[in-house]
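The structure appears right after this line, and notes come after that.
By convention in this document, chain letters (A, B, ...) are assigned in the order of the sequence lines, proteins followed by strands, and residues within each chain are numbered from 1.
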There are 2 protein chains.
Amino acid sequence: MRQAGSRRTLHDIAREAQVSPATVSRVLNGRLDSRIASATRDRVLRIAERLGYEPNRIAQALVTGRTHMVGVVVPYRWYPFATDVMDCVQQRLEPLGWGMVVEGTEGDREWFLHGVRRLEGQVDGILTVDRCDLVQALVDDPPGFGKPVVSVGSDCYRGVDHVSIELGRGAADAVSHLIEQGCRRIVYVVPQISAHPHEARRLAYESTMAAAGLEPELVVFPKGTRRGAREAFLAHAAERRRLPDGLFCCNDVTALGVYRALRDLGVRIPEDVALVGCDGTDETQYVDRPISTIVMPVAQMCEQGIGFLQRRIDQPDLPLQGAELTASLCIRESSRRQVGDS
Amino acid sequence: MRQAGSRRTLHDIAREAQVSPATVSRVLNGRLDSRIASATRDRVLRIAERLGYEPNRIAQALVTGRTHMVGVVVPYRWYPFATDVMDCVQQRLEPLGWGMVVEGTEGDREWFLHGVRRLEGQVDGILTVDRCDLVQALVDDPPGFGKPVVSVGSDCYRGVDHVSIELGRGAADAVSHLIEQGCRRIVYVVPQISAHPHEARRLAYESTMAAAGLEPELVVFPKGTRRGAREAFLAHAAERRRLPDGLFCCNDVTALGVYRALRDLGVRIPEDVALVGCDGTDETQYVDRPISTIVMPVAQMCEQGIGFLQRRIDQPDLPLQGAELTASLCIRESSRRQVGDS
DNA sequence: CTGAAAGCGCTTACAG
DNA sequence: CTGAAAGCGCTTACAG
């Protein structure tokens, strides 16, 4: 048995097969441009097999400039939504023999830029979810970014290849739905980090409320965790004399935190307060009153995004690639008051 | 502005600073063994800074044999428990400037061996969670594994550096607790993949039941997802005339699926059926009746594991390192029937 | 069809 | 204190 840690190299095979390393390389890479005697080919292949040869990817990367790795950048690595994205990307990459390395933005600009730059040298391209502002800064500010970037999500940057998720329609549907269910004091609950005035969910919320002659009200809270949302909502409830009767949450993590807060308060869902989240993550289906949510088309998003990335890597001069997908409302018990309502 | 994609190299700095690449390398690496004129040092540093030089990690890796990456292998990448592990590891690695690449076993032996071998060339060592059998096969069967391996979890392999989580105590406590709450028909619910006869939770369950003179009963189901657990439990309930009155679940994902199944059946928790999970993931706290669980000491496990790995990488000849940690029962509403019970 | 040579971007003995 | 040279393990024009 060979010594652990010392792997075979091209030269080992070359020596044993009595050919040059160049020939071994050509055989192993199946290069079609140079025909190789089938006797040579067979011999090399057999020996490589017997020696359990595995190419040194690092060396290959150094000379070819290709690492066969893609970087995936998500806002929060621990979000169930991010998990869904990682799984989908992984699934697309697997058959290609490519690897994946994940980086979390953690809501911090410098962290993002630093983390992504570190990735620059080790991946062939990156797929970033949301944070249009950061992606733009990354690619447009000097020194730019040396590898292909595909921006995906509801907050994607259209200056590069992108897969945009249209969230406005789903969000408007969510608010309309709450109104139809009889809600009048509908609050939008959003973590600080996602509370931009021009964000799609917020815009849809505000315009739908306005169209119905209702007063919009925001609960913005600092920490975008389940716990952060729970505590923030409890605090909000404590300082108001009256609770809202409808809640639209920026994402499912928030929705779950708020759900728990409502139970803490002994409030009935949806009878007293109706609740809608956003993302479509699995965990929303397992509470007592499954939570309505806007389902992101994660699989298609990743499939298209990775497809764009692959093509961009192979053909750097391709014209800008873009796609539009839609997220749609999925109504569940947490917001369904009347029987027979669709 | 420099061309995107073409990064500065050592030679760029060397040329501009009028020194050899060797000197630049020494300055940038702060090698203490060879003193360098501070004038030279300053000049090089200034120029490197101005040029925005970033070393090519691939090239460094090829020559030093160190990638400053660790591989993390988890049974299921999408388990919330895995997310917790990734976050903890990431946190330990960050200050060191190290990277992380994650691989999921997905319950498949060949997948595991193949995936981990692919990692071999690109990481300085790996941290694997559970799957003692696979880890053992990996390191003990020819051709072995060329990089340090630290095995962690309740099902770790002690033939390499390891951090073992003692689960038997917590599991026994869980079953005793259910018995104290008045449960008599207590079922252990476990996904196929974790249903080995000698697994700690199962052993503790069986012996605690036996000690109380109760009949053990297993529900083993094929797909270890929330949904898989839910459907399996519903099917199980449908073919029995009487439901169990206590459920001990192999992990929190299972517990959440079973929780949902119980709600589907209109069963009260914990009044009709008391429920305990295992892992200590966040999501168990957000359902209406927060789920009791055995809390894994994830943070300590990762801290110790990464510490062992670092030391092993620096000193390959170190004697075997090992640590033992304990997971303990956390009782919540899903299994607390009497008021005042601890 | 195959090989000798150069080179990817670094680091590290070895000299001086 | 600093440089010339070799080399990490590959791939790829360039010859033949």
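If you take CD of A:Glu54 and P of D:dG9, they are 15 Å apart, rounded to a whole angstrom. Taking atom CZ on B:Arg7 and atom C1' on C:dC8, their separation rounds to 13 Å, with Å as the unit. For the pair A:His68 NE2 and D:dC10 C1', the interatomic distance rounds to 12 Å; values are reported in whole Å. B:Asp12 has its CG atom 11 Å from the P atom of C:dC8, to the nearest Å. The distance from atom CZ of A:Arg15 to atom C1' of D:dG9 is 13 Å, rounded to the nearest whole Å. When rounded to the nearest whole Å, the span between CZ of B:Arg57 and C1' of C:dT11 equals 15 Å. The CD1-C1' distance, from B:Ile36 to C:dT12, rounds to 13 Å in whole Å. The nearest whole Å value for the distance from the NE2 atom in A:His11 to the C1' atom in D:dG7 is 11 Å.
In this structure, B:Ile58 and B:Thr23 both approach DNA chain C, and ranking their closest nucleotides by distance from the 5' end singles out B:Ile58. For the pair B:Gln18 and B:Leu62, both in contact range of DNA chain D, the more 5′-proximal nearest nucleotide belongs to B:Gln18.
Within the 4.5 Å cutoff, no side-chain heavy atoms of B:Phe112 are placed close to those of B:Arg131. Residues A:Asp124 and A:Pro148 form no side-chain contact, since every pair of their non-hydrogen atoms from C-beta on lies 4.5 Å or further apart. Between B:Tyr157 and B:Thr128 there is no side-chain heavy-atom pair separated by less than 4.5 Å.
Here D:dA5 is the nucleotide among D:dA13, D:dA5, C:dC1 with the atom lying nearest to any side-chain atom of B:Ala22. Ranking D:dA4, D:dT12, C:dT11 by closeness to the B:Leu10 side chain, first place goes to C:dT11. Among the nucleotides C:dC1, C:dG9, D:dC10, the one closest to the side chain of B:Asn56 is C:dG9. Listed nucleotides D:dT2, D:dG3, D:dC10 differ in distance to A:Ala59; the shortest reach to its side chain belongs to D:dC10.
With A:Phe145 as the partner, the side chain to side chain contact (heavy atoms under 4.5 Å, CB included) test is satisfied by one option alone out of A:Val135, A:Leu113, A:Asp140, A:Leu138: A:Leu138.
Summarising the local packing, NE2 of A:His114 is surrounded by 12 or fewer heavy atoms from other residues, nucleotides or ligands at distances under 6.0 Å.
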*Secondary-structure notation, DNA chain C, from Watson-Crick and G-U pairs under 3.5 angstrom (| other strand)*: |||.||||||||.|||
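Taking 4.0 angstrom as the limit, B:Tyr53 places a side-chain polar atom (N or O) nearer than this to OP1 or OP2 of C:dC10. Contact annotation: B:Thr64 side-chain N/O to D:dC8 OP1/OP2 distance is not under 4.0 Å. Between C:dT11 and B:Gln60, a contact under 4.0 Å exists linking OP1 or OP2 to a side-chain N or O. Phosphate contact (OP1/OP2 of C:dA4, side-chain N/O of A:Ser20, threshold under 4.0 Å): absent.
At a cut-off of 3.5 angstrom, counting only N and O atoms as typed in the model, there is a donor on one side and an acceptor on the other between the side-chain of B:Arg26 and the base of D:dG3.
Between B:Arg117 and B:Glu103 there is no salt bridge, since no side-chain nitrogen of the basic residue lies less than 4.0 Å from a carboxylate oxygen of the acidic one.
Contact between A:Glu106 and A:Trp78 at its shortest, heavy atoms only, is OE1-NE1, 4.1 Å.
With A:Glu120 contributing its side chain and A:Gly146 its backbone, the two residues share a donor-acceptor pair below 3.5 Å.
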